[in-house]
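Shown next, in structure tokens, is the structure this report addresses.
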There are 2 protein chains.
Amino acid sequence: MPRVGLDKTKIIQAAIAIANEHGIEQVSIASLAKNLGVRPPSLYNHFKSLMEIRTQIAREGMQRLEETLLRSVAGKSGEDALLHFSKQYLLFANDHPGLYEATIQPMNTPDKVVKETSKNMIDLLIQLLATFSLEEENALHLVRGLRSIVHGFASLQRADGFQMNFKVEESLLYTIQILCKGIKQET
Amino acid sequence: MPRVGLDKTKIIQAAIAIANEHGIEQVSIASLAKNLGVRPPSLYNHFKSLMEIRTQIAREGMQRLEETLLRSVAGKSGEDALLHFSKQYLLFANDHPGLYEATIQPMNTPDKVVKETSKNMIDLLIQLLATFSLEEENALHLVRGLRSIVHGFASLQRADGFQMNFKVEESLLYTIQILCKGIKQET
DNA sequence: TATAATAACTAATTATATTAGTTTTGTAAA
DNA sequence: TTTACAAAACTAATATAATTAGTTATTATA
């Protein structure tokens with residue numbers, strides 16, 4: 001019975017690797033145990049349940065995404081900021097598909113940390129829109145619109161909903177540009 | 001052993017009901033059997049696997065959604081058509097949450113019928129954008145943008161991603177209006 | 001060195017999908 | 001009307017999953 005030396009961090013890292021390679025639904029106690037060279041019940045020394053592991057993945061995902069987005073708009077404003085925000089959002093979903101997947105699913109399962117990080121991202125978008133000096137209610141409408149656009153692109157892209165042959169990133173940025181044209185006209 | 005008189009239609013109807021009430025992930029051989037008053041293996045006389053049942057739900061969902069959308073834009077064009085399209089898309093996702101959920105998931109699982117119906121919806125959006133006489137490449141960008149918007153609103157709404165207190169439908173329609181403002185300026 | 005915490009284990013429970021093989025029912029032909 | 005057959009529904013069994021209870025052994029520390 002040679003001790004493997006597991007801890008929460010190693011388990012979550014393995015879980016994220018599985019999620020990114022094979023999808024979040026492939027993260028199971030069984031697959032994790034096999035990957036870590038351990039029997040399934042051993043994982044219960046570190047986590048209470050599979051759901052707790054999934055929630056932890058979601059937290060990590062949200063936090064890394066938030067950091068990425070914050071970095072993407074540092075020192076930028078207006079349309080420029082929105083374009084960089086959107087581009088990095090899409091890239092993140094592309095580079096860490098399982099992690100991104102995990103961040104969406106558990107909006108059902110209300111985890112405090114996940115929800116709070118999500119709220120931070122909304123606040124960030126509100127800040128980015130501030131440059132356009134919209135009426136408050138309209139700004140909130142557009143925050144939803146922007147979230148929908150980036151999330152929509154991220155998930156439809158992953159789902160291969162876009163079967164056309166030219167770049168998805170271009171489409172996203174073009175859409176944001178057109179939206180900004182409309183916003184500028186509005187104010 | 002009194003025969004219950006199951007058939008594919010009744011099974012799928014029960015599955016859709018479960019999906020709409022409790023989510024697509026709650027549609028299982030076990031839950032279906034219980035609902036239909038039958039032992040789990042009996043369902044295999046009608047479907048090869050659970051996946052086949054889920055695929056069938058997705059097909060139904062896509063077909064009903066397509067019909068809804070076609071009806072929503074009959075006799076309309078331009079911005080008006082886009083607004084009605086979007087509104088009905090969101091309503092559909094709202095009224096048939098499980099059915100809508102089913103239509104998204106299996107973009108991974110490539111089912112011919114589902115993909116074809118999906119393509120029809122893209123073609124419909126292309127038609128709707130025709131009024132704006134955009135360059136072809138830009139029109140394709142915006143088709144993706146529009147799909148992302150409606151899908152983004154539908155899924156974020158469902159996931160309770162929108163915790164603010166005013167109407168989601170308004171936000172969607174406002175976003176579409178702003179986008180149209182931008183489109184008109186583009187051409 | 002002895003002890004206490006705990007990592008990892010085995011064994012067992014419950015729930016799931018699925019397969020094989022059996023019984024029974026309904027229908028259609030003799 | 002009877003017979004025969006296709007198929008609906010069943011029982012029994014297998015495989016895999018999550019989880020719990022209880023055991024053993026390792027490691028850190030007192």
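Throughout, protein chains are lettered first and strands after them, A, B, ... in sequence-line order, and every chain is numbered starting at 1. Remember, it's a predicted structure, so these values are computed and weren't measured experimentally.
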Exceeds 12 heavy-atom contacts within 6.0 angstrom, atom CD of B:E116: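 Result for CD/B:E116: open.
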
Residue whose closest nucleotide on DNA chain D lies nearer the 5' end, B:N45 versus A:K48: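 Per heavy-atom nearest nucleotide, the more 5' residue is B:N45.
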
Kindly point out which of [options] is positioned nearest to the side chain of [X]?
X     : options               : result
A:S49 : C:dA8, C:dC9, D:dT19  : D:dT19
B:H46 : D:dA9, C:dT18, D:dA18 : D:dA9
B:R3  : D:dA18, C:dA8, C:dT25 : C:dT25
A:P40 : D:dT19, C:dC9, C:dA17 : D:dT19

ILVMFWY cluster, A:L91 and A:I176 together (side-chain gap under 4.5 Å):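 Unlinked, A:L91 and A:I176 end up in two clusters.
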
Find the distance [X]:[atom1] to [N]:[atom2] and express it as a whole number of Å.
X     : N      : atom1 : atom2 : result
A:Y44 : D:dT19 : OH    : P     : 3 Å
B:R39 : D:dT11 : CZ    : P     : 5 Å
A:L50 : C:dT16 : CG    : P     : 16 Å
A:I53 : D:dA17 : CD1   : C1'   : 14 Å
A:F47 : C:dA7  : CZ    : P     : 12 Å

Face-on cation placement of B:K8 at B:F47 ring, 6.0 Å and 45° thresholds: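 So B:K8 does make the cation-pi contact.
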
Strand-adjacent residues in residues 6-33 of chain B, judged by heavy atoms under 4.0 Å from DNA chain C: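 Per residue number, the list reads B:S28, B:I29, B:A30.
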
Charged N-O contact under 4.0 Å between A:E60 and A:R64: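 Result for this pair is yes, salt bridge flagged.
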
Side-chain N or O of B:S42 closer than 4.0 Å to phosphate OP1/OP2 of D:dA8: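 The answer is no; no side-chain N or O of B:S42 sits under 4.0 Å from OP1 or OP2.
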
Spatial distance of atom NZ (A:K181) from atom CD (A:E79) [nearest 0.5 Å]: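 Separation between the atoms: 8.0 Å.
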
Student check: side-chain heavy atoms of B:F92 and B:L99 closer than 4.5 Å: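 They are in side-chain contact.
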
4.5 Å side-chain heavy-atom contact, B:L146 and B:F85: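 The answer is no; the side chains never approach within 4.5 Å.
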
